[in-house]
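Data first, discussion second: the structure below is written as structure tokens.
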Protein chains: 2
Amino acid sequence: MAELLLQSIREKVSATDEELLICKSFFTPKKLKKKQFLLQEGDVCNRMTFVESGALFSYATNAKGTQNVIQVAFEGWWISDLYSFFTQEPSTLNIEVLEDAELLMIDREQHEHLLARVPKYETYIRLLYQNAYIALQRRVESTIGLTAEEKYIRLLEQYPTILQRMPLNLVASYLGVTPETLSRIRKQISL
Amino acid sequence: MAELLLQSIREKVSATDEELLICKSFFTPKKLKKKQFLLQEGDVCNRMTFVESGALFSYATNAKGTQNVIQVAFEGWWISDLYSFFTQEPSTLNIEVLEDAELLMIDREQHEHLLARVPKYETYIRLLYQNAYIALQRRVESTIGLTAEEKYIRLLEQYPTILQRMPLNLVASYLGVTPETLSRIRKQISL
DNA sequence: TGACCTGCTTGACAAAGATCAAGTCAATTT
DNA sequence: AAATTGACTTGATCTTTGTCAAGCAGGTCA
């Protein structure tokens, strides 16, 4: 049940079968159903999670009570609140299941052990962060520099999957606009 | 001339003096004056840069021709266009000097060599990315979820330095608002 | 079957922020 | 000293987006 994780590691580093098996042994599987929570605001995030199948999303709730979608993770991606994970402070995020999911989880201690024991794992994690950072920076660029319509079009181009698998109110929240505005933008574009 | 870099490494990992010297030997120093460019849109970013002193900022230019500040790097921080650095595609960003700066630069080949030769360096880089990712995620959260005024106040709280060392039009651009709006917000708050 | 969600759309109106144009003040240039 | 430039502010107006209220279609539940 860790095919995707091992594949993800192999894509980024050249690990031996033995190293892969060691990695695998550090993870705990878990299944969650749609609408269940992997993390709730106020709790400490004590695991990093790899999505083997299904989909999850993380969001923050602002002063007005509106959800802001921070991240969406489909199969093959990781999700967690790294801030809470590393500081051990209570999280300000919720992580909710979007589609029934099979997960692989690793706690902080095991993560540290694995980093020390398998250098290839450290390289894998470094490359993960690197790519995640680059992707986020592009998101910041489009968030601060584009109109709602431009942001939507860019999302369509870059992550068409998101739109096929997420309800539009979450897409709106990911873009930082209201569902009404997104609805009007879509109408506008289709004409 | 690499005191800050070595200090930054020591803060994150326990490296021996020998390891630190090896790291240092892989970097090339360079000085740039205010308003000079470290990278121009269209060029490939072939170095990662550590700021020993001074300050730089990176920005993208959108369709309307407005600058969008992506990152600001004061002494002790890194700056580069990682997307271009790793893909070797032309950059869409400019990196400009905000205050006369002393830099330490490493090209991609040297970076790979150093990662392979000094495992502590890899750990250092991993932790850098990790922290940068966490910080960016918080920026995304405030960018999509808050009003202009709330964003400004949060910036004041989290990075008061930025406001003391950056002209307000760049702060506005960092926040994704016009200089006029920022000016009115500041007036509003001070009353 | 009917009541009830959920996801999405539409309309009227309000608010936030952008744009355009002008003006101030201090620092720099000539 | 006069002219220029850069950083910032102000006012009037326009555009974009948010808010509130309502409605609809499809799926689910009892």
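Because only heavy atoms are used, hydrogens play no part in the values below, and waters and symmetry mates are left out as well, while side chains stay in.
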Could you tell me how far apart A:Y152 (OH) and C:dC8 (C1') are, to the nearest whole angstrom?
12 Å
Hey, are the side chains of A:I162 and A:F74 touching, using non-hydrogen atoms and a 4.5 Å cut-off?
yes
For the pair made of CD1 in B:I185 and P in D:dT9, what is the distance, rounded to whole Å?
11 Å
Is the cationic atom of A:R165 (NZ for Lys, CZ for Arg) positioned less than 6.0 Å from the six-membered ring centroid of A:Y159 and within 45 degrees of its normal?
no
Checking contacts here: which listed nucleotide (C:dG17, C:dC8, D:dT10) is nearest the side-chain heavy atoms of A:L168?
C:dC8
Could you give the NZ-to-C1' distance, from A:K64 to D:dT17, as a whole number of Å?
12 Å
Can you tell me the distance, in whole Å, between the CD1 atom of A:I144 and the P atom of C:dA18?
12 Å
Starting from P on C:dG7, measure out to CD on A:Q164 and report it in whole angstrom.
18 Å
Need to verify one output field. Residue with the more 5' nearest nucleotide on DNA chain D, A:L182 or B:N169?
B:N169
Could you work out which one of C:dT19, D:dT19, D:dT10 sits closest to the side chain of B:T178?
C:dT19
Between atom CZ in B:R186 and atom P in D:dT10, what is the gap in whole Å?
11 Å
Does NZ or CZ of A:R138 lie under 6.0 Å from the centre of the six-membered ring of B:Y83, at an angle within 45° of the ring axis?
yes
Between the side-chain atoms of B:E180 and the base atoms of D:dC8, is any donor-acceptor pair under 3.5 Å?
no
B:F26 ring centre to B:R117 NZ or CZ under 6.0 Å, with the angle to the axis within 45°?
no
Separation of C:dG17 P from B:K187 NZ (nearest whole Å)
16 Å
Between C:dC8, C:dA18, C:dT10, which one does the side chain of A:P167 approach most closely?
C:dC8
Rounded to whole Å, the NZ-P distance (B:K34 to C:dA27) equals 13 Å
Given D:dT17, is OP1 or OP2 found less than 4.0 Å from the side-chain N or O atoms of A:T181?
no
Closest listed nucleotide, where the reference is the side chain of A:R184 and the choices are D:dA12, D:dG18, D:dT17:
D:dG18
Between B:Q110 (side chain only) and B:D107 (backbone N and O only), is there a donor and an acceptor less than 3.5 Å apart?
no
